[in-house]
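Structure, as structure tokens:
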Amino acid sequence: MIWEQVLTRLKDKITEEGFNTWFKPTRLIERRNGVLLVEVPNPFFAEWIEEYYGKILTDIMTEVSSDGLRVAFHSRKVEPDAARPRFIRKRVIYTQNGSRLQERYTFKDFIVGESNRFAHAASLAVAEAPSEVYNPLFLYGGVGLGKTHLVQAIGNYIARTGPKLSVAYIPAETLFIELIDAVEKGTRMEFKNRYRSKDILLIDDIHFLKGKESLQEEIFHLFNHLYEGGKQVVLTCDRPPREIPTLEDRLASRFSGGLVVDIQPPDLETRIAILLRKAESEDQALPRDVAYYIASRIRSNIRELEGALIKLLALSSLTGRGLTTSLADEVLSDLLRNRPRTTPNRIAKHVARGFNVKVDEMKGRRRTAPLALARQSAMYLVRKLLNFSLKEIGRYFGGKDHTTVLHAIDKISRLREEDLTFKEKLMGIEQRINRG
Ligand code: ADP
Ligand code: MG
């Protein structure tokens, strides 16, 4: 049975705990019209799976079926119980080639704070008057800070309120896949026309362009075509245009030609507000002290913040326990497992051990090949696990320049993709760091 096949493959790819918690309780209901309808205990499961296992599920679905099968989750009916809302909801969590706008990303649901005020204002201005204010609009910031949310909010706003303007949202990665596909199938013209005919083009995560010349070329022409035709372009990225390595100058200057705005990690008040709003949208009354408790422990990534809340709601609804700080504590300690204790020192120590060098040497100036690789890996992990700024990382590793750090992070990300042995080594080190 196909769902069992999917589960068997999943089991090999994710942690046992993750599998037992989130996938064991699932059950295939039916397969109809290219959709696998899978039952989950409650709607939070669907959200959690989408957020954390969406990508891997997509990959596995592609492995086990070639005919564009989708998965939809259906939550079990909760017994009518006065204290608890009834959930009978269906959510499609994944569509093959799915790159459409998701309805939930709206301006209304976007909480504004100091960290994102300007990005929000600029996005709203673009949504209200496409092609008239900032073109292109370039939003950049770290992982999980709301870039996709904002860019899709622009799309949703225009799709709902605008006159008949056509909007397309597409992650750069998907664009790349479509491009390759078009080249292989000899349908390049169709590919071009698909996006050239849009009034508003939203391209997400364009840091994916680095090192992909064919895609850069394509985007350059697409961009010029749209721009000259008075169409609106919005781009998101994890860094400003000039810091995307191997991005052609002409593209970088195109990207910088409109408005470039950053999104910073949210402050405590904003994090609390996000949690309260999210709970409210799930019809759950989250006590403020619990929101405070979660927000004070998850600082730099809104996706994780939401993840913690969803897990808390799921657990509470499964066990019937109330939404208290003590339940939150269980969820967080499970989720963060020793993460608060993760420090640059701890990372440096484990990396040094893994690469057989000394911590002091990593902070020093010597640049023999093994030492450089260890140093770069440590920089990469500090960025990934602690979200330190490039400057802070440079300072920690003996006063290195932020461009050196950026180079290190890029090099290691690339190596991780290209070299499986290296990737496994790094993952092993990461696990040891997280284990405490
Ligand atoms: P990014 O694209 O920058 O990695 P996302 O836009 O995917 O981040 O945001 C991660 C999650 O956090 C999403 O579920 C999004 O809805 C939520 N989120 C981000 N910023 C806000 C905000 N200011 N208010 C409410 N939710 C937010
Ligand atoms: Mg995103």
Side-chain angles (χ1 to χ4, degrees), residues 43-44 46-55 58 91 93-94 98-124 126-127 137-157 169-176 202-209 234-240 244 260-282 284 286 291 294-295 298-314 335 383-384 387 413:
F44 308 118
E47 285 195 37
W48 182 271
I49 291 173
E50 172 181 16
E51 196 67 52
Y52 290 89
Y53 301 105
K55 169 85 173 63
T58 308
R91 285 172 65 109
I93 71 136
Y94 138 73
S99 61
R100 12 156 236 167
L101 294 167
Q102 291 186 38
E103 278 179 23
R104 72 180 186 97
Y105 293 125
T106 60
F107 285 117
K108 188 171 78 41
D109 283 331
F110 190 83
I111 303 283
V112 182
E114 279 318 308
S115 58
N116 56 29
R117 191 178 303 284
F118 194 28
H120 172 265
S123 302
L124 191 57
V126 164
L137 173 62
F138 189 103
L139 301 172
Y140 75 91
V143 175
L145 297 184
K147 301 183 297 294
T148 297
H149 189 133
L150 272 183
V151 80
Q152 292 215 19
I154 296 175
N156 280 322
Y157 186 98
Y169 163 84
I170 184 145
E173 186 176 1
T174 311
L175 205 57
F176 187 55
L202 313 165
I203 310 181
D204 207 357
D205 293 329
I206 59 149
H207 38 267
F208 188 79
L209 285 174
V234 184
L235 307 149
T236 77
C237 189
D238 67 356
R239 64 191 84 188
I244 307 175
V260 177
V261 202
D262 70 331
I263 306 181
Q264 294 290 326
D267 55 29
L268 181 66
E269 270 314 304
T270 311
R271 298 199 298 276
I272 292 174
I274 289 171
L275 286 171
L276 293 174
R277 169 71 63 86
K278 175 84 183 163
E280 195 187 302
S281 73
E282 304 284 356
Q284 303 282 312
L286 182 71
I294 299 173
I298 301 184
R299 302 203 178 94
S300 58
N301 183 327
I302 298 174
R303 186 173 296 124
E304 284 183 358
L305 198 63
E306 289 187 344
L309 177 65
I310 290 166
K311 192 162 182 181
L312 177 71
L313 298 179
L335 217 58
R383 174 72 165 184
K384 180 174 173 204
N387 225 347
S413 324

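One-based numbering, in listed order, for ligands and for the atoms of each.
- For ligand 1, the atoms sitting less than 4.0 Å from at least one non-hydrogen atom of Gly142 are 3 (O), numbered in the order shown with element in parentheses.
- Given atom 6 (O) of ligand 1, the protein heavy atom at minimum distance is His149 N, 2.8 Å.
- Proximity of Tyr157 to Ser123: side-chain heavy atoms (C-beta onward) are nowhere separated by under 4.5 Å.
- Backbone and side-chain nitrogen or oxygen atoms of Tyr105 are examined, and none is located within less than 3.5 angstrom of a nitrogen or oxygen of ligand 1.
- Minimum heavy-atom separation, Ile302 to Leu145: CD1-O, 4.0 Å.
- For ligand 1, the polar-atom distance check finds an N/O of Ile111 within less than 3.5 Å of one of the ligand's N/O atoms.
- Only the side chain of Glu306 comes within 4.0 Å of ligand 1, counting heavy atoms alone; its backbone N, CA, C and O stay farther away.
- Nearest to atom 21 (C) of ligand 1 among the protein's heavy atoms is Phe110 CE1, 3.7 Å.
- Around the Mg ion (ligand 2), the protein N, O or S atoms found under 2.8 Å comprise Thr148 OG1.
- In this structure, CG in Asp238 is found 12.0 Å from CD1 in Ile263, a value given to the nearest 0.5 Å.
- Close approach of ligand 1 to Gly144 (heavy-atom distance below 4.0 Å) involves ligand atoms 1 (P), 3 (O), 4 (O), 8 (O).
- Between the CG atom of Leu235 and the CG atom of Asp205 there is a distance of 11.0 Å, given to the nearest 0.5 Å.
- Scanning all protein heavy atoms for the shortest distance to atom 20 (N) of ligand 1 gives Ile302 CD1, 3.3 Å.
- Protein heavy atom closest to atom 7 (O) of ligand 1, with residue, atom name and distance, is Arg303 NH2, 2.7 Å.
- The line from CD of Gln264 to CZ of Arg117 is 14.0 Å long, rounded to the nearest 0.5 Å.
- Once rounded to the nearest 0.5 Å, the distance linking OH of Tyr140 with CZ of Arg239 reads 11.5 Å.
- Across all their heavy atoms, Ala122 and Val261 have their closest contact at CB-CG2, 4.2 Å.
- Near Arg104, meaning under 4.0 Å from any of its heavy atoms, are these atoms of ligand 1: 14 (O), 16 (O).
- Classification of the Phe110-His120 ring pair by plane angle, with boundaries at 30° and 60°, yields parallel.
- In this structure, the side chain of Lys147 engages the main chain of Gly141 through a donor-acceptor pair within 3.5 Å.
- Checking each of Leu202, Leu101, Ile203 against Val151 for a side chain to side chain contact (heavy atoms under 4.5 Å, CB included) leaves exactly one that passes, namely Leu202.
- Atoms of ligand 1 lying under 4.0 Å from any heavy atom of Asp109, numbered from 1 in the order shown and given with element: 24 (N), 25 (C).
- Contacts between Ile274 and ligand 1, counted as non-hydrogen atom pairs separated by less than 4.0 Å, involve the side chain only.
- Side-chain N/O atoms of Thr106 and Asn156 include no donor and acceptor closer than 3.5 Å.
- Here the protein heavy atom with the shortest distance to atom 8 (O) of ligand 1 is Gly146 N, 3.1 Å.
- For Asn116, every heavy-atom contact with ligand 1 shorter than 4.0 Å involves the side chain, none the backbone.
- Across all their heavy atoms, Cys237 and Ile206 have their closest contact at CB-CG1, 3.9 Å.
- Taken to the nearest 0.5 Å, the CD atom of Gln284 stands 11.5 Å off from the NZ atom of Lys278.
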